[in-house]
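Worksheet for the structure shown next.
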Amino acid sequence: QVQPVESGGGSVQTGGSLRLSCAASEYTFSPVCMGWFRQAPGKEREGVAHINRDGAITYADSVKGRFTISRDNSKNTLYLQMNSLKPEDTAMYYCAADDSYACYSGSWSPSSGFVYWGQGTQVTVSS
């Protein structure tokens, strides 16, 4: 399916780790541009980390040094390794993918938006 499917969410204590996965297939080309977003109750959705077709990565300042985005191109699977988790990381985490021409041609940026969105996986960090 084209729609990404997230997994790996759960509940951990402060300082713990989780690894999120996002699987999808049937894009028009590979690798595509992908990213992780999160939305906490009462807050706007925010970008967490993104990776473009060439592998260039961007992180939100709030997760730099703690989160690592990676992917397995052979499996069209995106990962988010989250370490040193904090209560403020509690949110629904969404995976997004884009196989537009902008991504293919290299003109894509995270602000370009994403075509496909997953249903989300909940991450809860307790103090």
Side-chain angles (χ1 to χ4, degrees):
Q1 74 284 355
V2 177
Q3 182 180 22
V5 178
E6 305 95 337
S7 62
S11 298
V12 296
Q13 293 186 329
T14 298
S17 298
L18 284 173
R19 188 193 195 205
L20 306 183
S21 299
C22 171
S25 62
E26 300 181 15
Y27 296 121
T28 56
F29 57 87
S30 179
V32 297
C33 301
M34 301 188 77
W36 289 98
F37 291 78
R38 66 186 181 186
Q39 187 167 21
K43 295 187 177 180
E44 293 187 355
R45 185 179 65 195
E46 64 171 339
V48 175
H50 310 98
I51 183 167
N52 73 1
R53 177 171 166 75
D54 295 326
I57 291 171
T58 58
Y59 291 101
D61 288 342
S62 58
V63 305
K64 283 181 180 177
R66 300 187 299 122
F67 291 10
T68 302
I69 188 173
S70 62
R71 68 183 172 198
D72 184 334
N73 292 336
S74 66
K75 299 179 180 178
N76 256 340
T77 300
L78 183 72
Y79 304 99
L80 185 68
Q81 178 66 44
M82 304 185 295
N83 298 328
S84 302
L85 283 161
K86 305 175 182 179
E88 51 263 44
D89 295 318
T90 295
M92 185 71 77
Y93 283 70
Y94 298 91
C95 174
D98 189 281
D99 65 350
S100 66
Y101 180 75
C103 176
Y104 181 80
S105 66
S107 62
W108 179 91
S109 69
S111 61
S112 301
F114 290 84
V115 177
Y116 308 104
W117 290 84
Q119 295 296 312
T121 184
Q122 179 68 37
V123 172
T124 302
V125 185
S126 58
S127 57

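In this structure, Ile51 CD1 and Met34 CE are separated by 9.5 Å, a value rounded to the nearest 0.5 Å. Separation of atoms CG (Asn83) and OG1 (Thr68) is listed at 6.5 Å; rounding is to 0.5 Å. Rounding to the nearest 0.5 angstrom, the gap separating the CD atom in Gln81 from the OG atom in Ser21 is 9.5 Å.
Counting only heavy atoms from C-beta outward, the side chains of Tyr116 and Gln3 never approach each other to under 4.5 Å. With a 4.5 Å cut-off on side-chain heavy atoms, Asp89 and Phe67 count as touching. The closest side-chain heavy-atom distance from Glu46 to Arg38 is below 4.5 Å. Side chains of Phe29 and Pro31 form no contact here, defined as non-hydrogen atoms less than 4.5 Å apart.
Using modelled atom types, one side-chain atom of Thr14 and one backbone atom of Ser126 make a donor-acceptor pair closer than 3.5 Å. A distance-only check finds no donor-acceptor pair linking the side chain of Asp54 to the backbone of Ala56 [under 3.5 Å]. For Thr90 (side chain) and Val125 (main-chain N/O), a donor-acceptor pair under 3.5 Å exists by modelled atom type. Not a single donor-acceptor pair under 3.5 Å links the side chain of Arg53 to the backbone N or O of Cys33. With hydrogens and angles ignored, the 3.5 Å screen pairs a side-chain donor or acceptor of Glu6 with a backbone N or O of Gly120.
Hydrophobic clustering (ILVMFWY, side-chain heavy atoms < 4.5 Å, transitive): Tyr59 and Trp108 are in distinct clusters. In the hydrophobic cluster analysis, where Ile, Leu, Val, Met, Phe, Trp and Tyr join through side-chain heavy atoms closer than 4.5 angstrom, Met92 is grouped apart from Leu80. Tyr79 and Leu20 fall into different hydrophobic clusters, where Ile, Leu, Val, Met, Phe, Trp and Tyr are joined by side-chain heavy atoms under 4.5 Å apart, directly or via other members.
Relative ring orientation between Phe37 and Trp117 is described as tilted, the plane-to-plane angle lying within the 30° to 60° band. Ring-plane geometry between Phe114 and His50 is classed as parallel, the angle between the planes falling under 30 degrees on a 0 to 90 degree scale with a further cut at 60.
Considering every non-hydrogen atom in both Cys103 and Asp98, the closest pair reads SG-O, 3.6 Å. Considering every non-hydrogen atom in both Tyr94 and Gly118, the closest pair reads CD2-O, 3.6 Å. Gln39 approaches Arg45 most closely through the heavy-atom pair NE2-N, 3.8 Å. Across every non-hydrogen atom of Ser17 and Ser84, the tightest pair is OG-N, 4.3 Å.
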Problem set entry | salt bridge (charged side-chain N to carboxylate O under 4.0 Å, His left out) between Lys64 and Asp61, worked out | CA-CA 5 Å; Lys64 283 181 180 177; Asp61 288 342; 3.1 Å; yes
For this session: Apply the test side-chain contact (heavy atoms from CB on, under 4.5 Å) to residues Val32 and Val115: give CA-CA distance (whole Å), side-chain angles for both, the deciding distance (0.1 Å), then the verdict.
Result: CA-CA 11 Å; Val32 297; Val115 177; over 6 Å; no
